[in-house]
Amino acid sequence: MNVSKRTSKPGTRGATLRTRGGISLRLDVRGVVVGLLLLVVALVMSVLLIGTGDFPIAPADVVRTLFGGGTVAQDFIVNDLRLPRVLVGLLVGAALGLAGAIVQSISRNPLGSPDVLGLGQGAAAGALTVIVLLHGGPTEVAAGALGGGLLTGLGVYVLAWRRGVHGYRLVLVGIGASAMLTAVNGYLLTKADVVDATRAVVWIAGSLNGRDWNQVWPMLAICAVLLPVVFGHARGLRMLEMGDDSAYALGVPVERTRMVMMGAAVLLTASATAAAGPVAFVALVAPQLARRLTRSAGPNLLPAAWMGAGLLITADWASQRVFGADQLPVGVLTGMLGGAYLLWLLVTERRAGRI
């Protein structure tokens, strides 16, 4: 693409690129810079996480090993043992951050996230059903989590429908569904024997421990399919934040865009839960932090994805460095930090008169 002119209006942070064919592209310079910085942070934390463990490896040695220059022992530890775990963390964090940005944009509510809508609990219910009632293996558990998340997303969307889906109605229905599914999960745990209950509790905490290439490839495939769909509807999603009437006036197929994007968010959340268990609050926190950094309206899809990846990798690194041999599952740590953030967000929204 040959760029013939670059313009920006005084007092704005964006820039417009115009081609000789009359096509223009509006860029948010601050958003692009923040997105790149978040990506760099996620990659740096990934290198640190790969080097953390019972056999510490210096960051320079990790990078050299990733490019094929390490010793035999380093190659085995880095590429076979630790790299898959880190890749799962990056993909799961990015998927949750992206899903959270989509749901918050659709609901036009900072409290709207897959956690609040019960998607994580639905995926957990599907996985627990397979563990407790069917005694399935890891593949069956992942399939059960995916199915549970999809059914929950469909149920919440249908129950929230009333000549369209209103943001607050979606959140309220999701809160009710989350409470019901939490009770179902508790019941399933009481019906399990000791072995299955222990296995279920470990899974439901949300963890990257023991993750290998069997979790990397499905997550990578799902992200490769869904990302073009999501970014292809990004403009319509941004228009939806102005309200359905304004979006209709601008030529956006409102219901189709909402259904496609909601379906993508459900699939991203369910697949992330299937890969790592129900990791709490990343989907809620990442889009809000990304928006505060970019200071930009709109869903901020890429910054939210990189923020989610960086948050999850950093939380996993902290669980190993801070707690040592008694390291917490990453889902427990994100739940503790995310719960504190949720309380702060509720207080902020109440003071602003929005809830």
Side-chain angles (χ1 to χ4, degrees), residues 3 6 8-9 11-17 25-52 58-60 62-64 66-67 83 85-105 110 113 208 219-220 223-224 226-228 230-231 234-235 237-238 241 268 272 279 281-322 330 333-334 337-338 340-341 344-345:
V3 179
R6 180 183 184 275
S8 60
K9 294 181 179 180
T12 65
R13 292 175 288 106
T16 303
L17 302 179
L25 176 65
R26 177 72 176 171
L27 292 179
D28 184 343
V29 177
R30 183 186 177 95
V32 172
V33 172
V34 169
L36 291 175
L37 289 176
L38 289 173
L39 176 59
V40 170
V41 169
L43 294 177
V44 169
M45 292 307 302
S46 298
V47 172
L48 294 177
L49 180 57
I50 291 175
T52 301
V62 170
V63 174
R64 184 166 55 251
L66 289 173
F67 284 95
L83 180 59
R85 173 191 180 122
V86 171
L87 290 177
V88 170
L90 288 172
L91 291 169
V92 167
L96 291 175
L98 190 59
I102 292 171
V103 174
Q104 289 179 11
S105 184
S113 80
L208 296 177
M219 274 299 303
L220 191 60
C223 290
L226 291 179
L227 287 183
V230 169
F231 290 111
R235 178 184 175 276
L237 184 65
R238 185 166 187 167
E241 291 192 348
L268 287 168
V279 179
F281 288 112
V282 172
L284 175 68
V285 174
Q288 289 298 309
L289 294 181
R291 179 170 292 197
R292 281 165 170 76
L293 288 176
T294 61
R295 299 178 186 173
S296 174
N300 291 288
L301 296 177
L302 268 180
W306 302 146
M307 176 65 78
L311 284 176
L312 189 55
I313 291 298
T314 302
D316 195 39
W317 174 83
S319 71
Q320 295 188 49
R321 298 287 295 184
V322 176
V330 67
L333 186 57
T334 60
L337 299 176
Y341 174 82
W344 175 83
L345 183 61

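From a predicted model like this one, the values you see are computed outputs, not experimental measurements. Basis for what follows: all heavy atoms, side chains included, without hydrogens, waters or symmetry-related copies.
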task: Check for a donor-acceptor pair, side chain of Gln104 on one end and backbone N or O of Leu284 on the other, with a separation under 3.5 Å.
output: yes

Leu48 side, atom CG; Thr314 side, atom OG1 - distance, nearest 0.5 Å: 9.0 Å

- prompt: When rounded to the nearest 0.5 angstrom, what is the spacing between CG in Leu43 and CH2 in Trp306?
  reply: 8.0 Å

message: Once rounded to the nearest 0.5 Å, what's the spacing between atom CG of Asp316 and atom CG of Leu333?
response: 9.0 Å

query: Looking at Ala315 and Thr334, what are the two nearest heavy atoms and their distance?
result: CB-CG2, 3.8 Å

message: Test side chain to side chain contact (heavy atoms under 4.5 Å, CB included) on Leu311 and Leu289; report intermediate values, then the result.
response: CA-CA 10 Å; Leu311 284 176; Leu289 294 181; 4.2 Å; yes

query: Where is the tightest heavy-atom contact between Leu91 and Cys223, given as atom of each residue plus distance?
result: CD2-SG, 4.3 Å

- prompt: Looking at Met219 and Ala95, what are the two nearest heavy atoms and their distance?
  reply: CE-CB, 4.0 Å

task: To the nearest 0.5 angstrom, please state how far the CG atom of Leu302 sits from the OG1 atom of Thr294.
output: 11.5 Å

task: Dump the intermediate steps for side chain to side chain contact (heavy atoms under 4.5 Å, CB included) on Leu98 and Leu227, then the final yes or no.
output: CA-CA 9 Å; Leu98 190 59; Leu227 287 183; 3.3 Å; yes

- request: Could you tell me the separation between the OG atom of Ser46 and the CG atom of Leu83, rounded to the nearest 0.5 Å?
  value: 9.0 Å

- prompt: Taking C-beta and beyond as the side chain, do Phe281 and Leu337 meet within less than 4.5 Å on heavy atoms?
  reply: no

query: Considering all heavy atoms of both residues, which atom of Gly100 and which atom of Pro287 are nearest to each other, and what is their separation?
result: C-CG, 3.5 Å

Residues Leu293, Leu38; criterion side chain to side chain contact (heavy atoms under 4.5 Å, CB included); working and verdict: CA-CA 10 Å; Leu293 288 176; Leu38 289 173; 4.2 Å; yes

- request: Check Gly89 against Leu208 and note the closest heavy-atom contact, atom names and distance.
  value: CA-CD1, 3.8 Å

message: Any side-chain to backbone donor/acceptor pair from Arg321 onto Leu49? Under 3.5 Å, distance only.
response: no

- prompt: Could you give the distance from CD1 (Ile313) to CD1 (Ile50), rounded to the nearest 0.5 Å?
  reply: 8.5 Å

task: Determine the minimum heavy-atom distance between Ala101 and Leu301, stating which atoms define it.
output: CB-CD2, 4.0 Å

